[in-house]
Amino acid sequence: GAGVSQTPSNKVTEKGKYVELRCDPISGHTALYWYRQSLGQGPEFLIYFQGTGAADDSGLPNDRFFAVRPEGSVSTLKIQRTERGDSAVYLCASSLTVGGSTEAFFGQGTRLTVV
Amino acid sequence: GESVGLHLPTLSVQEGDNSIINCAYSNSASDYFIWYKQESGKGPQFIIDIRSNMDKRQGQRVTVLLNKTVKHLSLQIAATQPGDSAVYFCAFKAAGNKLTFGGGTRVLVKP
């Protein structure tokens, strides 16, 4: 596919459980971003990767959230001990490079519901 | 899919009319200002951006205006079409490439 792919599209989990959300960026894009969007609000930045390394993780809300991108392509956002407040749409985006007018392409998101 | 922006300000516009969506910002350090369109159940889609040293940029049917004096950004859509119905977000890019999104505006196009 030509776009950013996120799986699963929907995830329902019980409070306290661990979840992993996957993002497949556009091939060749070196920068990858994770955002979280609550109902009625704009996306909020969580973390971004340049290659394999997390260049800025200042948006991660606490240490229950962690993301990896071991080979510089696919990324996984991991949430431990999920809480009901973690329910949101988690968006992934990728861009060819970092800086300047580099368009970020978003996936369709993973809707996480913690019950 | 889930509707985005159930409690967002709404702009209702007649098909064929022009739409203007406004956004205020506070961070003067932004390098780029960007407009995104988000349809229900989808991720944001890039529409157009403008660099901080410009005050106007035109695309296909869209124009973005930047007024740095009053820290105001607007998106004008010419001849609005039913496919333009969506939630529109302004976003700001500063050093480090992360985007900060503003509040969204829902646009409803009436046939």
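Hydrogens, waters and symmetry mates are skipped; everything else that's a heavy atom, side chains included, is used. Order of the sequence lines fixes the chain letters, A, B, ..., with proteins taken first and strands second; residue numbering starts at 1 for each chain.
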Under 4.0 Å between a Lys/Arg side-chain N and an Asp/Glu carboxylate O for B:Asp84 and B:Arg61? yes

Using only heavy-atom distances, determine whether the side chains of A:Tyr18 and A:Glu20 contain a donor-acceptor pair under 3.5 Å. yes

So, the part of A:Tyr35 with a heavy atom under 4.5 Å from chain B: the answer is side chain

Short question: side chain of A:Gln6, backbone of A:Cys92 - any donor-acceptor pair under 3.5 Å? yes

Under 4.5 Å from any heavy atom of chain B - which part of A:Ser9: neither

Do A:Gln50 and A:Asp56 touch side chain to side chain, with heavy atoms closer than 4.5 Å? no

Is it the backbone or the side chain of A:Ala104 that comes under 4.5 Å from a heavy atom of chain B, or both, or neither? both

